[in-house]
Amino acid sequence: MSDTHSPHLAHHFDSPVQQFESGKLGMWIFLATEILLFGGLFCAYAVYRANHPEIFVYAHRYLDKTLGGINTAILIGSSFTMAWAVRAAQLGRQRALKVLLALTIACAFGFLGIKFVEYEHKWKEGLLWGKRYAPHAEGRAEPAADPAAAVAATPPAGVNAEEHTLIPPPARGPAGLAVSDHADERLHLEQEAPKNVQVFFSVYFAMTGLHGIHVIAGMALLGWILLRASRGEFGPDYFIPVDLAGLYWHLVDLIWIFLFPLLYLIH
Amino acid sequence: MSLTTRLLDLLAGGVQSNPDGGFWMPEAASTGAPAVDNLFHFILWLSVFFFALIVGLMVLFVVRYRRRAGREEPEPSPNHNVALEVTWTVIPLLLVFVIFVWGFKVFLDLNTPPANSYEVLVTGQKWKWLFTYPNGHVDENLHVPIDTPIRLVMTSEDVIHSFYVPAFRIKRDVVPGRYAKAWFRATKVGEYQVFCAEYCGTGHSDMGTHVVVHEPGGFERWMTEVADFLNKLPPAEAGERLFKARGCAQCHTVDGGASVGPTLKGVFGHAVTLADGKSVTADEDYVRESILEPQAKVVAGFQPVMPTYKGKLKDQEITAIAEYMKTLK
Amino acid sequence: MADKGTAASLVTGNALAGDNYLNHTKGLRSWLFTLDHKRIGVMYLVSILASFLLGGIFALLMRTSLLSPTKHIVSADTYNQMFTLHGAIMIFLFIIPGIPAALGNIVLPLMLGAKDVAFPRLNLASYYCWVAGAIFSLLSIVLGAVDTGWTFYTPYSTTTNTSVVAMTFGALILGFSSIFTGLNFIVTIHKLRPKGMGWFRMPLFVWGLYGTAIIQVLATPVLGITLLLLIVERTLGVGIFDPALGGDPVLYQHFFWFYSHPAVYIMILPAMGVISETVSVFSRKHIFGYKAIAFSSIAIAAISFLVWGHHMFVSGQSNLAGMIFSFLTFLVAIPSAIKVFNWVATMYKGAIRLDTPMLYVMSFLFLFGIGGLTGLFLGSLAVDVHLHDTYFVVAHFHYVMFGGTVIAFLGGLHYWWPKFTGRMYDEAWGRIAAVLVFVGFNATFFSQFVMGSKGMPRRYYNYLPEYQIYHQISTIGSFVMGIGFIIIAVYLIRSLIAGKPAPANPWGGATLEWQTTSPPPHDNFALSPEAGDPYDLEAFRWDAAVGGYVKKSDAAVAVG
């Protein structure tokens with residue numbers, strides 16, 4: 001009374017349909033957990049941006065919009081090849097499936113390569129997170145953020161401060177590195193360097209770093225799928241793994257599509 | 001007190017707060033305390049009623065409907081009853097709404113200091129409270145006049161602490177990097193315990209001090225006396241007071257025992273071995289340098305963790321502390 | 001049919017002598033790499049009970065140390081490490097996986113008449129995540145035990161020199177374990193229900209697990225990112241929670257409680273499910289208000305996400321935020337109250353058997369009643385200011401988590417023990433231990449309500465002499481409870497060897513797990529069972545020859 005027994009049907013499922021639906025529901029729930037994982041960082045972003053918009057407006061100029069834009073295009077392209085790969089699997093076009101999966105992985109490499117270039121720039125310029133934030137200035141030395149000194153700088157008793165002021169650490173924005181064509185604006189920026197610029201870079205590295213880890217995990221996953229595809233395991237009867245890996249990859253792209261404007265395109 | 005609050009207090013139905021605190025609460029010594037106690041007792045009696053209802057019915061059913069010989073099977077009874085279920089949903093909902101509104105109103109009172117409050121700055125640090133008065137005097141106890149609104153502006157030097165006075169029913173987390181505020185108006189002369197309520201490490205449970213509530217006029221007398229103690233007391237005695245009040249005793253013992261920092265017993269006038277192997281005589285200059293620049297010459301065997309007192313202790317105070325050290329033989 | 005054991009199992013429903021999941025395959029490897037949800041559940045059960053023992057030892061050491069206000073058997077730092085480890089072990093290693101991953105893992109597919117959970121490999125991965133997390137957490141004891149409290153509040157946790165990273169990394173991995181279990185259960189409940197089991201034919205334990213799983217899946221990732229940020233804060237100095245670098249330490253508290261408040265419902269919802277099953281079976285009556293109980297589980301799961309701020313009434317959040325969180329906190333009390341009323345109403349006109357699981361039900365109603373009602377004090381803004389971070393909170397938490405979840409866990413363990421092991425435990429000792437735990441518990445924690453409202457702050461190593469009498473009562477109570485647990489351990493272990501063979505359905509339950517042998521076979525059911533009303537207890541009658549309950553219709557067939 002059982003259905004035609006597919007070799008891919010696990011013993012505790014009654015039918016391939018039930019198995020497929022279970023896998024798909026499981027993947028969607030997993031994606032929900034991923035969104036919530038990033039959700040924490042988006043909340044942190046929202047809290048700090050709401051409290052200190054000047055930091056974000058000031059510091060985002062040190063991110064390279066062009067490289068970020070290229071990366072966005074690459075990821076959107078990879079989503080397209082991924083979706084196409086799923087279609088190829090469903091239609092049983094083995095060669096197309098392999099090529100498209102390989103293309104997707106190549107896009108991921110491209111993305112990480114550009115990300116590496118961006119990170120390297122930040123590293124060289126000292127535009128790093130929290131404690132490591134020590135921007136190199138042209139012409140004058142910038143004091144590094146020293147948490148010990150900042151704690152000591154707690155307003156001593158006797159200061160009658162009214163509102164919830166965060167303690168100002170001695171760090172300042174990187175003078176002279178502003179990417180701007182107008183000297184006036186540049187001068188303006190130097191004067192307006194707000195306190196706690198490192199907060200922006202902490203958020204930037206936390207968000208893009210976690211996203212980068214997800215890209216690497218996605219590449220490993222797609223690599224495994226490609227391996228199985230090259231063994232000819234997938235076809236119209238069995239394409240769940242390709243489909244699920246695709247869902248994961250789209251999520252990774254989607255998160256970047258939110259990260260790009262939030263970090264690079266602030267006004 | 002608004003009309004609603006009065007009505008709510010009436011609702012408490014005669015369970016007027018007991019100034020000694022009764023079975024549940026500590027002594028009540030502020031204007032805020034009775035309002036909190038009234039609400040506490042209202043919730044208490046409401047809870048006792050519902051608890052008795054639930055457990056009473058449960059015991060009754062167990063006794064009455066226990067399975068025994070001749071009563072093997074249950075009697076037929078419905079599986080649900082909409083009217084009953086709506087009743088036991090709506091009534092608790094209304095009651096908790098009353099508790100919510102009442103709690104919020106009292107909370108607002110507890111959080112809103114009168115405009116003419118006397119302000120004291122509070123600093124929390126591991127593991128000590130320091131109180132700075134408007135005239136600059138710093139004390140380890142919080143001295144306040146009776147029947148005067150006192151506003152506390154609090155900050156932390158290190159981790160999160162929480163300023164808690166059970167007798168006043170006030171508590172506020174003191175978070176580094178921001179100012180926490182609290183206020184109270186004491187109604188009884190006496191000494192009341194202050195706790196740190198937010199866990200802050202090794203000495204958390206010893207981070208206590210007292211609020212001393214003075215009778216009318218007593219606070220001013222106390223203030224004139226202590227504010228001028230540097231000039232009135234012999235320097236060594238003034239130094240001892242500073243030593244205790246300004247946090248030195250948290251890390252330095254005066255009886256030869258080990259602590260975070262070296263003991264100060266028998267140190268003055270003797271040679272001290274430093275971390276770099278050199279030796280130095282502990283004279284007035286060394287004491288002064290160690291207070292203002294603690295990391296300059298660290299005693300061998302200790303971590304360079306002492307904070308600087310530059311800008312926190314005046315010259316005259318440092319001299320007094322050095323005088324005090326001379327007496328520790 | 002020649003097999004003697006199989007023949008016996010046909011009569012009594014006991015499969016100890018025949019083929020069952022315990023002896024289906026043999027050897028250590030067959031256990032370590034098993035994909036059978038029952039074996040994974042058993043491994044979970046043994047592991048979490050070991051954690052409970054460890055956490056309990058820390059608790060007893062602390063209580064002993066607190067006999068005197070100032071004279072101690074341990075140093076202040078050791079004491080601080082002990083309460084941290086007690087909390088972290090009990091929360092992350094014992095109580096969160098306690099009912100879902102141990103009891104639920106074994107029972108859920110059986111209740112659904114399914115062969116296994118939807119993703120057996122993920123289930124095993126969940127167990128090994130638990131093991132890895134436990135190893136990291138315990139490794140932190142060797143590397144300098146954490147002294148931050150189980151809440152890991154910044155900036156203390158970023159500045160202390162104890163091994164916070166190992167412990168939080170362990171908790172992070174335990175989070176994965178919890179997510180995997182939750183994900184698995186949601187899919188299992190959605191997709192593997194049998195014919196005839198619509199959503200409102202599901203046993204209420206399944207509803208409880210479903211609500212739990214939703215919270216596990218939606219809240220745990222936020223704990224994950226929080227702990228990750230804490231770890232990078234300590235290792236790299238990212239400074240998101242560091243006020244010296246422009247960060248906000250209170251943001252950590254928001255993140256932490258966004259997980260950890262729903263997490264207490266991860267702990268209590270399945271416990272409520274256990275109570276719903278047992279109160280009905282031992283009253284021999286259909287559960288009262290099925291839909292109300294089912295919907296209240298989901299309501300609790302939903303509202304639980306919106307109340308985290310009540311942990312921060314004195315942290316300096318705005319009055320408006322305090323007001324909203326207080327209001328929502330009172331709302332979440334209502335579904336719990338509805339459940340309690342329904343359970344009591346279920347007993348009305350029943351035929352109540354006072355077996356050990358029912359004693360735990362009564363114990364639960366008493367203790368959870370107090371735990372729930374004292375929540376009203378803490379939800380009320382003005383009163384919470386006084387009670388926050390005192391022993392009142394400690395007592396409230398233990399009344400809900402211990403008096404609620406652990407008592408229900410014990411009830412469930414006794415209820416399903418015959419099904420898991422095929423053996424009955426000693427009923428007389430079971431009742432004695434249940435009473436001892438109940439009495440000891442109240443002595444331990446009721447005294448803490450009083451000292452808490454009198455102002456005794458929590459996490460105190462030294463205390464003022466005026467609180468000593470309460471501490472002494474509390475400590476004596478904890479010893480009584482300890483004795484109760486030793487008795488439970490002894491008779492349960494003894495039952496494995498000497499216990500009477502259990503019939504398929506010793507209590508007369510109508511849910512599907514009672515329709516297979518005790519213990520069940522590897523594939524759970526010889527024939528796929530047909531699902532009916534899970535509380536139609538009248539369909540079963542006692543059969544003295546079997547020593548258990550049998551379906552009236554089956555008996556009729558046999559006679560016919």
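Any value given below was found using the heavy atoms of this structure, including those in side chains, with hydrogens, waters and symmetry copies removed. None of the values given here were measured: they were computed from a predicted structure. Chain naming here is simple, since letters A, B, ... match the order of the sequence lines and numbering starts at 1 in each.
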Side chain to side chain contact (heavy atoms under 4.5 Å, CB included), paired with C:Thr154, selected from C:Leu230, C:Val250, C:Leu251, C:Asp242: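 Only one of C:Leu230, C:Val250, C:Leu251, C:Asp242 forms a side chain to side chain contact (heavy atoms under 4.5 Å, CB included) with C:Thr154, namely C:Leu230.
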Contact class of [X] relative to chain A, heavy atoms under 4.5 angstrom:
X	answer
C:Leu229	side chain
C:Leu228	side chain
C:Ile240	both
C:Val238	both
C:Asp523	side chain

Leading residue by heavy atom contact count with chain A [cutoff under 4.5 Å; candidates C:Gly224, C:Pro109, C:Pro120, C:Gly182]: C:Pro120
Contact listing (chain C partner; residues 202-209 of chain A; heavy atom under 4.5 Å):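 Residues in range: A:Ser202, A:Val203, A:Ala206.
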Parallel, tilted or perpendicular: ring planes of A:Tyr248 versus A:His214, cut at 30 and 60 degrees: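 A:Tyr248 and A:His214: parallel rings.
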C:Trp257 and C:His311 aromatic ring geometry - parallel, tilted or perpendicular at 30°/60° bounds: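 C:His311 and C:Trp257: parallel rings.
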Which portion of A:Leu210 sits near chain C, non-hydrogen atoms under 4.5 angstrom: side chain
Option from C:Phe152, C:Tyr153, C:Tyr252 for which ring pair (Phe, Tyr, Trp, His ring centres under 6.0 Å) with C:Phe241 holds: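 So the option named by the test is C:Tyr252.
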Determine yes or no for a side-chain-to-main-chain donor-acceptor pair under 3.5 angstrom, with [X] supplying the side chain and [Y] the backbone.
X	Y	answer
C:Ser178	C:Gly175	no
C:Lys191	A:Gln19	no
C:Thr212	C:Leu269	no

Verdict with reasoning, A:Glu118 to A:Lys115, per salt bridge (charged side-chain N to carboxylate O under 4.0 Å, His left out): CA-CA 5 Å; A:Glu118 285 192 72; A:Lys115 203 77 225 157; 3.5 Å; yes
A:Trp224 six-ring centre to A:Arg228 NZ/CZ under 6.0 Å and within 45° of normal: yes
